[in-house]
Number of protein chains: 2
Amino acid sequence: MEEITALLKQRGLKVTPQRLAILNFLMHTNEHPTAETIYKKLVSDFPTMSLATVYKTLEVLKNTGLIQELNVGEGSFRYDAKTTPHPHIVCLGCGKVEDLDESIFKDLLEEVKKHTDYKVVGQKLYFYGYCPACQKKMNN
Amino acid sequence: MEEITALLKQRGLKVTPQRLAILNFLMHTNEHPTAETIYKKLVSDFPTMSLATVYKTLEVLKNTGLIQELNVGEGSFRYDAKTTPHPHIVCLGCGKVEDLDESIFKDLLEEVKKHTDYKVVGQKLYFYGYCPACQKKMNN
DNA sequence: CCATAAAAAATAATCTTTCTCTCTTAATAT
DNA sequence: ATATTAAGAGAGAAAGATTATTTTTTATGG
Ligand SMILES: [Mn+2]
Ligand SMILES: [Mn+2]
Ligand SMILES: [Zn+2]
Ligand SMILES: [Zn+2]
């Protein structure tokens with residue numbers, strides 16, 4: 001928790017239990033949760049925390065670059081404490097979202113820059129398919 | 001309009017003025033409009049059309065593969081009658097969404113398949129930046 | 001034409017996200 | 001330690017996007 005406190009302070013943010021809890025949770029999961037999911041996981045430890053606080057905190061963390069926002073095409077956003085741009089794969093069977101090895105795409109941005117007159121500053125790469133468990137289910 | 005009628009009939013869909021108008025509009029624009037935008041453009045010609053009809057029609061067209069749904073990270077979905085998977089670039093200045101030359105990515109899906117145990121069936125590639133007009137604005 | 005099933009219209013409801021207002025608290029300087 | 005103050009948290013309302021429900025209208029095959 002010390003490091004997380006430091007991260008917040010570095011950015012001039014007040015260190016509050018809610019911020020610590022939300023950032024800590026995101027830094028120790030790889031499930032790319034939604035605001036709703038984060039709220040449900042934390043509300044038992046922080047009974048007074050409201051969903052609005054989760055949203056507001058996520059916005060603050062996003063704006064200071066401590067987390068990134070994903071949208072894989074559902075109704076709601078997901079959040080990720082791994083802030084380097086990296087590709088994701090979504091299971092169309094169970095809805096889970098996982099990281100993909102990013103080494104595959106190292107010169108993709110360069111290619112794009114060559115082929116467009118936009119000033120390119122970011123990217124979001126999403127792949128869709130079926131995870132091993134869901135493939136097995138389909139074969140039964 | 002003949003071809004559009006045929007497309008709907010091929011899929012066993014009733015040919016209604018609303019469906020013709022919505023699909024025709026999407027097939028002749030490259031602006032990747034939202035449901036709201038489509039509604040606003042068409043309501044003058046179809047004064048009784050409701051936004052709910054636009055949503056329902058878009059869902060039908062999507063489910064039959066006549067259009068695809070995009071989510072570039074705004075609050076709402078955009079729709080595209082070009083149904084082949086192709087990359088998009090979003091202007092962070094003016095919000096416009098354009099197609100990118102897809103030839104750059106021809107073996108991307110193959111690369112992904114090599115590096116994951118998912119059964120990969122689709123992809124969404126979004127790039128973010130500033131269009132030439134917005135770059136010019138920023139320099140003034 | 002007519003019957004019938006499907007679609008459109010109208011409207012309400014739901015779901016996610018944002019806003020506003022008030023109260024509390026963390027950070028800082030004394 | 002205490003006081004000050006500016007930022008954040010909480011509650012609830014509100015907004016915005018999408019979906020569901022009910023009734024009316026329309027497309028289409030016979
Ligand atoms: Mn990730
Ligand atoms: Mn497109
Ligand atoms: Zn799965
Ligand atoms: Zn622009």
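Numbers restart at 1 for each chain; the letters A, B, ... are given by sequence-line order, proteins then strands. Predicted, not measured: the structure shown is a model, and the values here were computed from it.
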Can you tell me how far the OG1 atom of B/Thr37 sits from the CD atom of B/Glu31, to the nearest 0.5 Å? 6.5 Å

Does a side-chain N or O from B/Gln18 land closer than 4.0 Å to OP1 or OP2 of D/dT26, or not? no

What does B/Pro17 touch in the nucleic acid at a heavy-atom separation under 4.0 angstrom: a base, only the sugar-phosphate, or nothing? sugar-phosphate

Contacts under 3.5 angstrom, residues 2-9 of chain B side chains, donor-acceptor by atom type, not counting sequence neighbours:
{"from": "B/Glu3", "atom 1": "OE2", "to": "B/Met1", "atom 2": "N", "distance (Å)": "3.4"}
{"from": "B/Thr5", "atom 1": "OG1", "to": "B/Met1", "atom 2": "O", "distance (Å)": "3.0"}

Rounding to a whole Å, what distance do you find between A/Tyr39:OH and D/dA9:P? 15 Å

Sequence neighbours excluded and cut-off under 3.5 Å, please list the side-chain donor-acceptor pairs for residues 63-70 of chain B, or say none.
{"from": "B/Asn63", "atom 1": "ND2", "to": "B/Glu59", "atom 2": "O", "distance (Å)": "3.3"}
{"from": "B/Thr64", "atom 1": "OG1", "to": "B/Val60", "atom 2": "O", "distance (Å)": "3.0"}
{"from": "B/Thr64", "atom 1": "OG1", "to": "B/Leu61", "atom 2": "O", "distance (Å)": "3.2"}
{"from": "B/Gln68", "atom 1": "NE2", "to": "B/Lys82", "atom 2": "O", "distance (Å)": "2.8"}
{"from": "B/Gln68", "atom 1": "NE2", "to": "B/Thr84", "atom 2": "O", "distance (Å)": "3.2"}
{"from": "B/Glu69", "atom 1": "OE1", "to": "B/Lys62", "atom 2": "NZ", "distance (Å)": "3.4"}
{"from": "B/Glu69", "atom 1": "OE2", "to": "B/Lys62", "atom 2": "NZ", "distance (Å)": "3.3"}
{"from": "B/Glu69", "atom 1": "OE2", "to": "B/Tyr79", "atom 2": "OH", "distance (Å)": "3.1"}

Under the side chain to side chain donor-acceptor pair (under 3.5 Å) test, which residues partner B/Asn71, sequence neighbours left out? A/Asn71

Among residues 7-16 of chain A, which contact DNA chain D at a heavy-atom distance under 4.0 Å? A/Leu13, A/Lys14, A/Thr16

Backbone N or O of A/Lys14 within a donor-acceptor pair of the A/Arg19 side chain at under 3.5 Å? yes

Hey, are A/Asp80 and A/His88 close enough side-chain-wise for a donor-acceptor pair under 3.5 Å? yes

Just how far is it from atom CZ of B/Phe25 to atom CG of B/Asp45, taken to the nearest 0.5 Å? 11.0 Å

May I have the distance from A/Ile22 (atom CD1) to D/dG8 (atom P), rounded to whole angstrom? 13 Å

For A/Gln135 and B/Asp117, indicate whether the former's side chain and the latter's backbone hold a donor-acceptor pair under 3.5 Å. yes

Nearest-Å distance, NZ (A/Lys62) to P (C/dT17)? 10 Å

So does A/Thr53 get a side-chain nitrogen or oxygen closer than 4.0 Å to the phosphate oxygens (OP1/OP2) of D/dG10? yes

Quick note, A/Arg19 side chain, CB onward, closest among D/dG10, D/dG8, C/dA9 is D/dG8

What's the CD-P distance between A/Glu59 and C/dT16, to the nearest Å? 18 Å

Rounded to whole Å, how long is the line connecting atom CG of B/Leu20 with atom P of C/dA8? 10 Å

Nucleotide N/O of nucleotides 15-18 of chain D paired with protein N/O under 3.5 Å:
{"from": "D/dT18", "atom 1": "OP1", "to": "B/Phe77", "atom 2": "N", "distance (Å)": "3.0"}
{"from": "D/dT18", "atom 1": "OP2", "to": "B/Tyr55", "atom 2": "OH", "distance (Å)": "2.2"}
{"from": "D/dT18", "atom 1": "O5'", "to": "B/Tyr55", "atom 2": "OH", "distance (Å)": "3.4"}

B/Glu110/B/Lys114 ion pair, N-O < 4.0 Å: no

Just the rounded figure in Å: distance from C1' of C/dT17 to NZ of A/Lys56. 12 Å

Find the distance A/Leu58:CG to D/dG8:P and express it as a whole number of Å. 14 Å

Rounded to 10°, the helix from C/dC1-D/dG30 to C/dT30-D/dA1 deviates from straight, judged by its five-pair end axes, by 40°

